[in-house]
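Notes follow the structure.
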Amino acid sequence: MTGEEIVEQVKVGLPDFILDTALPQGDAVLFVAPDCLQKVATFLKDDPSLKFDYLSDVSGVDYLIEEREPRFEAVYFLYSIDHQHSIRIRVGIEEENPSVPTVSRLWKGALYPEQELFDMFGINIEGHPRMERLIMPKEWVGHPLRKDYPLTTEPVTFSYNRGYKSELVKSKPSTR
Amino acid sequence: MSITDQGLLEREKDTMTLNMGPQHPSTHGVFRVILEMDGEVVRTAEPEIGYLHTGIEKTSENKRYVHVIPMTDRLDYLNPPGNNLAFCLATEKLLSVEIPERAQTLRVIMCELARIASHLVWLGTHALDIGAMTVFLYCWREREMVLDLNEEISGVRMMTSYIRIGGVAKDATRPWLDGIQNFIDYFPAKVDEYEKLLTNNPIWIDRTQGVGEMSREDAINWSMSGPALRASGVKWDIRKSQPYSGYEKYNFDIPTRTNGDIYDRYRVRIEEMRQSREIVKQAIEKLPTGDFKAPDNKVSLPPRDTLHTSMEALIHHFKLVSEGISVPKGETYVPIEGPRGEVGFYIVSDGSNVPYRVKLRAPSFLAIPGMCQMMSGCYIADVVGIIGSIDIVMGEVDR
């Protein structure tokens, strides 16, 4: 199916659980709230004409500098091996106590990337069996891929970035 | 262990915890796995990663698009052209640039040569892990030829950075094309030679057949990709299902097997080397003439000789070098088929010359939990075989 057909099919099947849809460069993209994620994911996996049985990856984005609400986003990349089509689910996550339900009950492959999402962005994964750091050392402080996490650990950079939200734009590296 | 009243040692549990790695020679880098052993049999295997974490994703958010390309080489260091290509395709998708036919063909040649070289490293080290020393030396001999070809075209043996946004770094030269022709004429006999050493070798079969099995359903559910998935009977290759860089124009097969054990993964990769050679052969035969990079001055540098005669070219050159490429606002994901499976880049752009977020979909990273699943219930001697058969590269696991 093409991106448009997938988006149509999802809109018909789950009208109340989708916030929005988009088709950037023809890719199907769904915008979903965190509490609807499991419902949408189950539908996408079980519907015979969609059948997204393969989870490619889970990624996170921190939209701090863009000043977008909500601040975080988890992105799920799904693929259907039988129908050879793909979809992205973008889940906006609030800055206060960021958390999102796990999809690892549907796709076991999600266990590792979800754990990485916690490690790198500090987004709590509800129902994940191992909510601990994956790549960074166990005693590490902070979540490296957040935009307010400084690129270096030099003391000067650290204190300068402390009041991040307004200061951060100014402190962007010189390569810009 | 605790000491009893009689002063004897008493075991608290029946299993023994055994640490393997991160400096173990057959964990292919710095992979560490903690094995819970019951005698010779592995009960559970707990992976530990992060020893090679270099923060490439974070660094990419602070570098211009062109500067990210050399870093992608270091992710999966056995497949630099594949990583370059995935990153460039994602950026080009945001930029909506048309890539000339000749550049696309040169990209395909580089990627397929890298696939052959990567599979040769895999075959050599995997056979060495299981105990076949000779194969290692033979594979290194042929890999050396591919590295020489890399050096001829890009000046570097491994980290080529040859594929750039908008095309490739440099046009193909006659000696390089002749070198490839020599290699593809010479190579098939060598693959037969490896097969003669291993495919019907009773020791190899004993060590590999029925070991580390994974069913079709499990392989899909655990997000395995590439040869590991195809050995379990899933006929899925991104070069066929979502063709990029003109792969739809080449005639090649997707080898699949059904048992999903170490032996089948070996057979699939051996056949893939033959198919890659087939693709390179076709690409050399129909290498079109034309530009080797997009003639769009906003994306690729103008030809060097025009700088002395054209003011416009000079300005474009200056702007591209000093400021870089500005990519329109948006987000995109492009997957390609690497030697280890689906390599993909998810790029979020805020409209500036620096990517807002770069995320690599690394096939080895996603394969590790599934790989450790295979280990439970097998003998400790087979653990190295299983790690070797998945062909993990720690550079892309830890990023």
Side-chain angles (χ1 to χ4, degrees), chain A residues 22 24-27 29 45 53-66 68 73 75 77 79-88 90 104 106-113 115-116 119-120 130 133-138 140 144-147 149-152 172-176, chain B residues 47-53 55 57-59 61-64 67 93-94 96 216-225 229 234-236 238 240-242 323-324 329-335 342 344 346 348 350 352-354 356-357 359-362 365-370 373 397-399:
Chain A
Q25 288 105 8
D27 300 349
V29 177
K45 195 186 176 192
D53 50 358
Y54 186 82
L55 180 119
S56 280
D57 202 359
V58 182
S59 171
V61 189
D62 177 2
Y63 283 108
L64 176 69
I65 298 174
E66 301 249 294
R68 194 188 292 188
E73 200 167 76
V75 190
F77 304 88
Y79 185 76
S80 168
I81 300 228
D82 289 350
H83 301 305
Q84 304 197 336
H85 55 216
S86 57
I87 197 168
R88 280 204 291 282
R90 293 173 63 177
S104 58
L106 296 165
W107 302 281
K108 290 204 187 92
L111 284 170
Y112 243 41
Q115 207 178 332
E116 194 200 355
D119 189 359
M120 291 294 162
R130 260 188 84 174
R133 289 199 181 269
L134 180 69
I135 290 172
M136 304 307 284
K138 299 269 180 294
W140 196 264
L145 281 177
R146 285 189 176 192
K147 287 284 176 182
Y149 189 94
L151 188 63
T152 65
K172 270 195 173 178
S174 57
T175 49
R176 243 184 138 73
Chain B
E48 273 279 327
I49 60 168
Y51 292 94
L52 206 62
H53 179 57
E57 285 179 7
K58 181 81 177 171
T59 319
E61 292 172 11
N62 295 279
K63 290 216 181 290
R64 277 179 250 148
H67 296 162
K93 197 172 170 187
L94 284 170
S96 317
R216 185 194 146 96
E217 285 69 33
D218 279 351
I220 293 174
N221 206 344
W222 280 104
S223 291
M224 309 297 277
S225 57
L229 192 60
V234 185
K235 206 175 170 73
W236 176 45
I238 297 169
K240 288 270 191 200
S241 67
Q242 295 140 283
E323 201 179 279
K329 203 173 168 130
E331 41 108 44
T332 195
Y333 175 74
V334 180
E342 180 184 348
Y346 178 61
V348 181
D350 59 353
S352 71
N353 55 356
V354 178
Y356 188 80
R357 169 93 170 102
K359 162 82 181 158
L360 168 77
R361 191 270 183 212
F365 174 74
L366 272 288
I368 282 182
Q373 202 66 18
V397 172
D398 298 337
R399 283 158 289 157

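Residue numbers begin at 1 in each chain, while the letters A, B, ... track the order of the sequences. All of these numbers come straight from a predicted model, not from anything done at the bench.
No hydrogens or angles considered: nothing links the side chains of Ser59(A) and Tyr333(B) as a donor-acceptor pair under 3.5 Å.
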Could you walk me through whether Phe365(B) and Leu134(A) pass side-chain contact (heavy atoms from CB on, under 4.5 Å), step by step?
-> CA-CA 11 Å; Phe365(B) 174 74; Leu134(A) 180 69; 3.7 Å; yes

Step-by-step side-chain contact (heavy atoms from CB on, under 4.5 Å) determination, Gln373(B) to Lys108(A) | CA-CA 11 Å; Gln373(B) 202 66 18; Lys108(A) 290 204 187 92; over 6 Å; no

Do Glu48(B) and Lys138(A) pass the salt bridge (charged side-chain N to carboxylate O under 4.0 Å, His left out) test, and can you show the C-alpha distance, the side-chain angles, and the key distance before you say yes or no?
-> CA-CA 11 Å; Glu48(B) 273 279 327; Lys138(A) 299 269 180 294; 3.7 Å; yes

Val75(A) and Tyr346(B): CA distance, side-chain angles, deciding distance, side-chain contact (heavy atoms from CB on, under 4.5 Å) verdict | CA-CA 10 Å; Val75(A) 190; Tyr346(B) 178 61; 3.6 Å; yes

Given the rule in the side-chain contact (heavy atoms from CB on, under 4.5 Å) test, do Tyr112(A) and Ile368(B) qualify, once you have shown the distances and angles that lead to the verdict?
-> CA-CA 8 Å; Tyr112(A) 243 41; Ile368(B) 282 182; 3.8 Å; yes

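Lys58(B) contributes no side-chain N or O that, together with a main-chain N or O of Lys147(A), makes up a donor-acceptor pair within less than 3.5 Å.
For the atom pair Leu55(A) CG and Ile220(B) CD1, the distance stands at 12.5 Å (nearest 0.5 Å). Rounding to the nearest 0.5 Å places CD1 of Ile49(B) at 5.0 Å from CD1 of Ile135(A). Remark: Asp53(A) CG to Glu217(B) CD distance equals 10.0 Å, nearest 0.5 Å. Tyr79(A) OH to Ile238(B) CD1: the interatomic distance, rounded to the nearest 0.5 Å, is 7.0 Å.
Ion pair Arg399(B)/Glu116(A) flagged as a salt bridge, since at least one NZ, NE, NH1 or NH2 atom sits closer than 4.0 Å to an Asp/Glu carboxylate oxygen.
Residues Glu331(B) and Val29(A) meet the side-chain proximity criterion, which asks for heavy atoms closer than 4.5 Å.
Only the side chain of Asp27(A) has a heavy atom closer than 4.5 Å to any heavy atom of chain B. Contact of Arg133(A) with chain B is not made at all, since no heavy-atom distance falls under 4.5 Å. Only the side chain of Gln84(A) comes within less than 4.5 Å of a heavy atom of chain B; its backbone N, CA, C and O stay farther away. With a 4.5 Å cut-off on non-hydrogen atoms, Lys329(B) touches chain A through its side chain but not through its backbone. At a 4.5 Å heavy-atom cutoff, the contact between Tyr63(A) and chain B is made by backbone and side-chain atoms alike. At a 4.5 Å heavy-atom cutoff, the contact between Val58(A) and chain B is made by backbone atoms alone. Only the side chain of Leu111(A) has a heavy atom closer than 4.5 Å to any heavy atom of chain B. If you measure heavy-atom distances from Ser225(B) to chain A, the contacts under 4.5 Å come from both the backbone and the side chain. Only the side chain of Ile81(A) comes within less than 4.5 Å of a heavy atom of chain B; its backbone N, CA, C and O stay farther away. Using a 4.5 Å cut-off between heavy atoms, Arg146(A) contacts chain B through its backbone alone, with no side-chain atom that close. Using a 4.5 Å cut-off between heavy atoms, Asp62(A) contacts chain B through its backbone alone, with no side-chain atom that close. Interface residue Pro47(B): backbone and side-chain heavy atoms are both found under 4.5 Å from chain A.
Phe77(A) does not carry Lys359(B) over the face of its six-membered ring by the limits of under 6.0 Å from the centre and within 45° of the normal.
In terms of heavy-atom pairs under 4.5 Å with chain B, the best-connected choice from Ser56(A), Ser104(A), Pro144(A) is Ser56(A). Counting heavy-atom pairs closer than 4.5 Å to chain A, the top residue among Gly370(B), Ser241(B), Ala362(B) is Ser241(B). Contact tally against chain A (heavy-atom pairs below 4.5 Å) for Lys235(B), Glu57(B), Lys93(B): the top residue is Lys93(B). Among Asp398(B), Val397(B), Thr332(B), the residue with the largest count of heavy-atom pairs under 4.5 Å with chain A is Thr332(B).
Glu61(B) and Leu145(A) get closest at one heavy-atom pair: OE2-CD2, 3.9 Å. Residues Ser223(B) and Gly109(A) approach most closely at OG-CA, 3.6 Å, considering heavy atoms.
Ring-plane geometry between Trp236(B) and Tyr54(A) is classed as perpendicular, the angle between the planes exceeding 60 degrees on a 0 to 90 degree scale with a lower cut at 30.
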